[in-house]
Structures are given as C-alpha cells and as structure tokens.
A.B. asks: 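Mind looking over this structure? Questions follow.
Every heavy atom of this structure was used, including side-chain atoms; hydrogens, water molecules and symmetry mates were not.
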Amino acid sequence: MVTLKEIFSEQEIRERTTALGKEISEVYKDEPLVIICVLKGAFLFFSDLVRNIKKDSQLELDFVRLASYGSSDKSSRTISFTKDIEVNVEGKNVLIVEDIVDTGLTMEFLLKQLSVRKAKSVKIAALLSKKARREKSIAIDFVGFYIQDGFLVGYGLDYAEKYRNLPCICEAQL
Ligand code: 5GP
C-alpha cells in the first residue's frame, strides 16, 4: 500500500506559481517567448505558470514528451523524443517547463536538442529541484521548490500513472 505525506500544500503551490509567473514576466518583458511543457508531469505546473505570465500576444506554447531507457544504470540512460515539439524555435527565446530535475539527464538532452535547433536562448523552469541524485550540472533559472530526496507525487507527478490529479505535492512511501 502507498502512503502519502503532504510536502507542499495547494496554497503554497499557488503562491509559488504566481511569484514565478511574475519573475518570468519581468525577465522576458516584451520579448517573444516559446514555452515548452515537458509531458506528462509538468502539465499542471505549466498551465498555472502560463496563466501567471502577462504576455498574452507574445507567447507560443508547445509540448514535448521524452522517454528514458536503461533506468537501472542512470548514467548510461538514453533519452529520446516520444513527442517532438512542433514550433520552430530557431532564433527564439525558449523556456522549458519541467516537473522535477533529478539526475539532470533529461534536461541535458533537451538543452542539447534546442541548441542544435538554434534557439536564441534557453532557460528552465522546474517545479522541483531534487539535489541528492544530480549527475549533470544543470542551471535551473526558475525553481518552484528545492527538495533533497524522496519520491514525490501529485500536482502532475505520478506513481504508475496515478495521483497526477492531487492538488498538493506529496511524498509517497512505496
Ligand atoms: P532526470 O532525467 O532529471 O533524472 O529525471 C527527470 C524525470 O524523472 C522527471 O521529469 C520525472 O518524470 C522523473 N522523476 C524524478 N524524480 C521523481 C519523483 O520524485 N516523482 C516522480 N513522480 N517522478 C520523478
């Protein structure tokens, strides 16, 4: 049986996404911006974040889905697209919206891909930065919350596709 312990409440998440939306608006001001949601885990964070960015006409939104293979040996994991972005990012500012940066391998892969496609700039907004297992040094420009370790579910994050709909973020004791 899975037991859940609340780590960040719905209220805390609302306050943090509002603050991050303001921060992002101030950084990009009137510049055009492509915001990419990393499916599936970031879908709620993304939807709350974009509604707090005051840039109605200048935003393009897109979605990507990535799969990783060989998870038992993390450093040799291979990342690939299962759904690629559709917007042309060449010469544009891009903001990646991710749920958790854990080892950093997924973000390292996506950053490389966006650089090959000649994005003008790429920044990362992550709901959670989990430090304990970090393998790649990834600069996260906008962080929702820092955590050390533990397996989290809720607010988009799943365990075997469950718990994504929880309004809070919980630690799952599996
Ligand atoms: P990384 O490539 O940084 O190791 O992995 C990032 C991905 O692993 C995240 O996008 C997320 O899908 C998954 N992940 C890492 N930690 C957790 C966690 O605590 N809970 C859930 N549900 N997924 C996690």
A.B. asks: Please tell me if the side chains of Leu128 and Val101 come closer than 4.5 Å, counting only heavy atoms from C-beta onward.
C.D. replies: no

A.B. asks: How is the hydrophobic cluster of Val153 composed, in terms of its other members, when Ile, Leu, Val, Met, Phe, Trp and Tyr link through side-chain heavy atoms under 4.5 Å apart, directly or indirectly?
C.D. replies: Val2, Leu4, Phe151, Tyr159, Tyr163, Leu166, Leu174

A.B. asks: Assess, by modelled atom type and distance only, whether the side chains of Arg77 and Ser68 contain a donor and an acceptor separated by less than 3.5 Å.
C.D. replies: yes

A.B. asks: Kindly write out the residues that satisfy ring-ring contact (aromatic ring centres under 6.0 Å, His included) with Phe43, not counting sequence neighbours, or none if the list is empty.
C.D. replies: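 Phe43 satisfies ring-ring contact (aromatic ring centres under 6.0 Å, His included) with no other residue.
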
A.B. asks: Any side-chain heavy atom of Leu157 sitting closer than 4.5 Å to one from Ile100?
C.D. replies: yes

A.B. asks: My understanding is that only residues two or more places apart in sequence, or in another chain, count here; which of them pass side-chain hydrogen bond (donor to acceptor under 3.5 Å, both in side chains) with Ser121?
C.D. replies: Asn93

A.B. asks: To the nearest 0.5 Å, what is the distance between NZ (Lys5) and CG (Leu152)?
C.D. replies: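 The distance works out to 10.5 Å.
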
A.B. asks: Looking at every heavy atom in both Val97 and Ala42, which two are closest together, and how far apart are they?
C.D. replies: O-CB, 3.4 Å

A.B. asks: Mind running side chain to side chain contact (heavy atoms under 4.5 Å, CB included) on Lys123 and Ile96 for me, showing each step along the way?
C.D. replies: CA-CA 6 Å; Lys123 292 189 190 291; Ile96 301 170; over 6 Å; no

A.B. asks: Name each donor-acceptor pair under 3.5 Å that joins a side chain in residues 111-119 to protein atoms two or more places apart or in another chain, with its distance.
C.D. replies:
from	atom 1	to	atom 2	distance (Å)
Arg117	NH1	Asp84	OD1	3.0
Arg117	NH2	Asp84	OD1	3.4
Arg117	NH2	Asp84	OD2	3.0

A.B. asks: For Lys22, which residues count as a side-chain hydrogen bond (donor to acceptor under 3.5 Å, both in side chains) partner, sequence neighbours excluded?
C.D. replies: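 None.
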
A.B. asks: Under the side chain to side chain contact (heavy atoms under 4.5 Å, CB included) rule, what do Tyr28 and Ile53 come out as? Steps first, then yes or no, please.
C.D. replies: CA-CA 10 Å; Tyr28 290 101; Ile53 299 176; over 6 Å; no

A.B. asks: Is there a side chain to side chain contact (heavy atoms under 4.5 Å, CB included) between Ile85 and Phe63? Walk through the geometry before answering.
C.D. replies: CA-CA 6 Å; Ile85 52 171; Phe63 300 84; over 6 Å; no

A.B. asks: In sequence, state the C-alpha distance, the side-chain angles, and the governing distance for Glu6 and Cys168, and then conclude on side chain to side chain contact (heavy atoms under 4.5 Å, CB included).
C.D. replies: CA-CA 7 Å; Glu6 184 174 299; Cys168 56; 3.7 Å; yes

A.B. asks: Test: ring pair (Phe, Tyr, Trp, His ring centres under 6.0 Å). Region: residues 79-103. Which pairs qualify, not counting sequence neighbours?
C.D. replies: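 Counting only pairs at least two positions apart or across chains, the ring pair (Phe, Tyr, Trp, His ring centres under 6.0 Å) contacts touching residues 79-103 are Phe81-Phe109.
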
A.B. asks: Rounded to the nearest 0.5 Å, how far does CG of Leu95 lie from CG of Leu49?
C.D. replies: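 Rounded to the nearest 0.5 Å, the CG-CG separation comes out at 7.0 Å.
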
A.B. asks: So which heavy atom on Leu127 is nearest to which on Ile169, and how close?
C.D. replies: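 It is CD2-CD1, 3.9 Å.
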
A.B. asks: Suppose we screen for side-chain hydrogen bond (donor to acceptor under 3.5 Å, both in side chains). Which residues come up paired with Gln11, at least two apart in sequence or across chains?
C.D. replies: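 Residues passing side-chain hydrogen bond (donor to acceptor under 3.5 Å, both in side chains) with Gln11: Arg14, Glu15.
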
A.B. asks: State plainly whether the residues Arg164 and Glu161 are in salt-bridge range, i.e. N to O under 4.0 Å.
C.D. replies: yes

A.B. asks: Show the nearest heavy-atom pair for residues Ile79 and Leu105, with the distance to one decimal.
C.D. replies: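 The pair with the smallest heavy-atom distance is CG1-O, 4.1 Å.
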
A.B. asks: According to salt bridge (charged side-chain N to carboxylate O under 4.0 Å, His left out), does anything in residues 90-100 pair up with another residue at least two apart or in another chain? List the pairs.
C.D. replies: Glu60-Lys92

A.B. asks: Say whether, by atom type as modelled, one donor and one acceptor occur between the side chain of Asp62 and the main chain of Val87 under 3.5 angstrom.
C.D. replies: yes

A.B. asks: Is it the case that the side chain of Glu12 and the backbone of Ser9 share a donor-acceptor pair, with hydrogens and angles ignored and the cut-off at 3.5 Å?
C.D. replies: yes

A.B. asks: Below 4.5 Å, heavy atoms only, C-beta onward: do Ile138 and Glu108 meet side chain to side chain?
C.D. replies: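 Contact flag for Ile138/Glu108 side chains = yes.
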
A.B. asks: Counting C-beta onward and ignoring hydrogens, is there a side-chain heavy-atom pair between Gln58 and Pro32 closer than 4.5 Å?
C.D. replies: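 Of all side-chain heavy-atom pairs linking Pro32 with Gln58, at least one is under 4.5 Å.
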
A.B. asks: Which value, rounded to the nearest 0.5 Å, describes the distance between Arg133 atom CZ and Thr103 atom OG1?
C.D. replies: 7.0 Å

A.B. asks: Nearest 0.5 Å, please: how far is CD1 in Ile124 from CG in Leu110?
C.D. replies: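 Leu110 CG to Ile124 CD1: 8.0 Å, rounded to 0.5 Å.
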
A.B. asks: Side chain of Asp149, backbone of Ala132: donor and acceptor closer than 3.5 Å?
C.D. replies: no

A.B. asks: Taking only residues two or more places apart in sequence or in another chain, which ones pass ring-ring contact (aromatic ring centres under 6.0 Å, His included) with Phe45?
C.D. replies: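 Applying ring-ring contact (aromatic ring centres under 6.0 Å, His included) to Phe45 gives none.
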
A.B. asks: For Arg51, what residues pass the salt bridge (Lys or Arg N to Asp or Glu O under 4.0 Å) criterion, not counting sequence neighbours?
C.D. replies: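 Testing Arg51 for salt bridge (Lys or Arg N to Asp or Glu O under 4.0 Å), a comparison that skips the adjacent residues, returns Asp48.
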
A.B. asks: Listed by chain and number, what are the side-chain hydrogen bond (donor to acceptor under 3.5 Å, both in side chains) partners of Thr106, not counting sequence neighbours?
C.D. replies: none

A.B. asks: Look up atom CD1 in Ile147 and atom CD1 in Ile7, then write down how far apart they are to the nearest 0.5 Å.
C.D. replies: 8.0 Å

A.B. asks: Taking atom CD of Gln173 and atom OG1 of Thr3, what is their separation to the nearest 0.5 Å?
C.D. replies: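 Taking CD in Gln173 and OG1 in Thr3, the distance rounds to 4.5 Å.
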
A.B. asks: Evaluate Glu31 against Lys120 for salt bridge (charged side-chain N to carboxylate O under 4.0 Å, His left out), listing each step before the verdict.
C.D. replies: CA-CA 11 Å; Glu31 286 184 60; Lys120 180 179 167 191; 3.6 Å; yes

A.B. asks: To check you understand the geometry: which heavy-atom pair defines the closest contact between Ala67 and Thr82, and what is its length?
C.D. replies: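 Minimum heavy-atom contact is CB-CG2, 3.6 Å.
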
A.B. asks: Are the side chains of Met107 and Lys136 in touch, meaning some heavy atoms are under 4.5 Å apart?
C.D. replies: no

A.B. asks: Sort and list the pairs that fulfil ring pair (Phe, Tyr, Trp, His ring centres under 6.0 Å) and have at least one residue in residues 119-150, not counting sequence neighbours.
C.D. replies: Phe8-Phe145

A.B. asks: Contact between Leu59 and Val34 at the side-chain level, heavy atoms closer than 4.5 Å - yes or no?
C.D. replies: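 The answer is no, as the side chains (C-beta and beyond) never meet within the 4.5 Å cut-off.
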
A.B. asks: I need the minimum non-hydrogen distance between Arg16 and Val143, along with the two atoms involved.
C.D. replies: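 Heavy atoms only, the tightest pair is NH2-O, 2.9 Å.
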
